[in-house]
Every structure is written in C-alpha cells, then in structure tokens.
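Before any comments, here is the structure.
The analysis underlying the following values was restricted to heavy atoms, covering all of them including side chains, and did not include hydrogens, waters or symmetry mates. To find a chain, count down the sequence lines: A is the first, B the second, and so on, and within it residues start at 1.
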Amino acid sequence: EAQVTQNPRYLITVTGKKLTVTCSQNMNHEYMSWYRQDPGLGLRQIYYSMNVEVTDKGDVPEGYKVSRKEKRNFPLILESPSPNQTSLYFCASSLSGPAQPQHFGDGTRLSIL
Amino acid sequence: ELKVEQNPLFLSMQEGKNYTIYCNYSTTSDRLYWYRQDPGKSLESLFVLLSNGAVKQEGRLMASLDTKARLSTLHITAAVHDLSATYFCAVDLQTGANNLFFGTGTRLTVIP
C-alpha cells in the first residue's frame, strides 16, 4: 500500500531536548516536504526536498533541520525545541514536485513544555 | 510577502445547495492546488491547476483558476454531508522554487 509514515504520532517533551520526527514514503517519490499546522494559520511549509541531498527552506525553517540521505526518508530534527514549536506536523511526498498530487502522512502532534 | 486568502473561513450550508469558496493570492503564479482535510485527519490532494483558465471537476466539486485575477474558486454543487471538511488552497511561486503557501482554510459544514 502506498503510504507516507510518520513517527511518532504524538510526543510530549521539554524545552531543549533534541528530537527527531521520522518520515518515510514507499512510492519512490522525489519530492518530500514538511509542514506545520497551527489554528488560524493554516499550513506553513518548513522545508522541502526535491531529491536526495537536495533540501530547501520553506516559509518557516527557523529552529528546524532536515536531511535527505535516502530517497525514502526525510526526517525533521528539532535540535533545541521551544514551546513555540508546539504544533501538528505533516510530512508529504509527491512524484516530482508540488505540481503533482501530494500524499500526506497522518501527522505528528508535538507538545513542547 | 505572498498572501493567500480564503473566503469564507467558515461555511455552513444545507444539503442540496450550491456554494463557492474563493482563494485569492497576492503574487504572480499559475500553479494552484486544493486540498481537503477531514476533522482530526490528514490532508488529501483534490485538484492541481497549472494554467490560466484551468478547470478540474471531481464529483460535486469543481475548481477553476484565473491567474489574471489571481483567483481560484472551488464550487460545490448540491452539497452532501460527506463534503463536510476543511478545504485549503495553496500557491507556489512562479520563480522556479517549489515551496508552497497555504490559505488558512475554509471549514465547510453541510447540514442534513
């Protein structure tokens, strides 16, 4: 089954404790992207990747890192999380870019205390 | 700064009625996308509009794009309860970048 898998689904942690949210897709997609969703703000793009070893900043990259060492994986790293990063995070992938339909993961709800 | 504005933000409509959701954006772009999100769920791609005058239809939903007016519409025909969801439009810049800017969403409730 074609899918985008995020882990964990829920995480409560404390300020400053490094964390990684994993994202994996099994569709051989080139494009992958991370978004955060906050009430009243819609979705905002954090980082995206056009292919292996190619990553670019989205609208709100501050405080986040990503890597794309393999085509299927695109982890989101919060080196020193802060409460303003409490949010619902979605990973998505598409064949070659946003002009192709994106497949979204189920989301990761992060709470930073 | 690119702005993407959706109207209305909340929409409550009766089954069987027609309505239109509007998406205005502030930059030159000929690529616009519509997504659906059910309550508590993830997002699903609905439409990809890649040129001025593009029109796509799926069931009771029809999306169109007017790049000159910087406007996209999502028209709902004879609404049914199953269409209750939040609908987002998103635009990407026409500069070769591949990042997306989303509207804040329109929460649609269809009342039986």
Item to complete: Pick one of side chain, backbone, both or neither for B/Leu50, based on which atoms fall under 4.5 Å of a heavy atom in chain A.
Response: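 For B/Leu50, the contact with chain A is made by the side chain alone.
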Worksheet entry | With A/Val52 via side-chain contact (heavy atoms from CB on, under 4.5 Å) - residues at least two apart |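 In terms of side-chain contact (heavy atoms from CB on, under 4.5 Å), with neighbours along the sequence ignored, A/Val52 is linked to A/Lys71.
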Worksheet item: Between B/Met62 and B/Phe47, is any pair of side-chain heavy atoms under 4.5 Å apart?
Response: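 No. Closest side-chain heavy atoms not under 4.5 Å.
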Worksheet item: Would you say the side chains of B/Ser42 and A/Asp106 form a donor-acceptor pair under 3.5 Å?
Response: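 No.
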Discussion item. Is it true that B/Thr73 and B/Ser64 share a donor-acceptor pair across their side chains at a distance under 3.5 Å?
Written reply: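 Short answer, yes.
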Worksheet item: Any chain of hydrophobic side-chain contacts (each under 4.5 Å) joining B/Phe88 to A/Phe104?
Response: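 Yes, it is one cluster - the side chains of B/Phe88 and A/Phe104 are joined through contacts under 4.5 Å.
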Fill in: Least distance between heavy atoms, B/Met13 atom then B/Tyr19 atom
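Minimum heavy-atom contact is CE-CB, 3.6 Å.
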Worksheet item: Which residues in residues 27-45 of chain A have any heavy atom lying under 4.5 Å from a heavy atom of chain B?
Response: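 Counting heavy atoms that sit under 4.5 Å from chain B, the residues of residues 27-45 of chain A involved are A/Tyr31, A/Tyr35, A/Gln37, A/Gly40, A/Leu41, A/Gly42, A/Leu43, A/Gln45.
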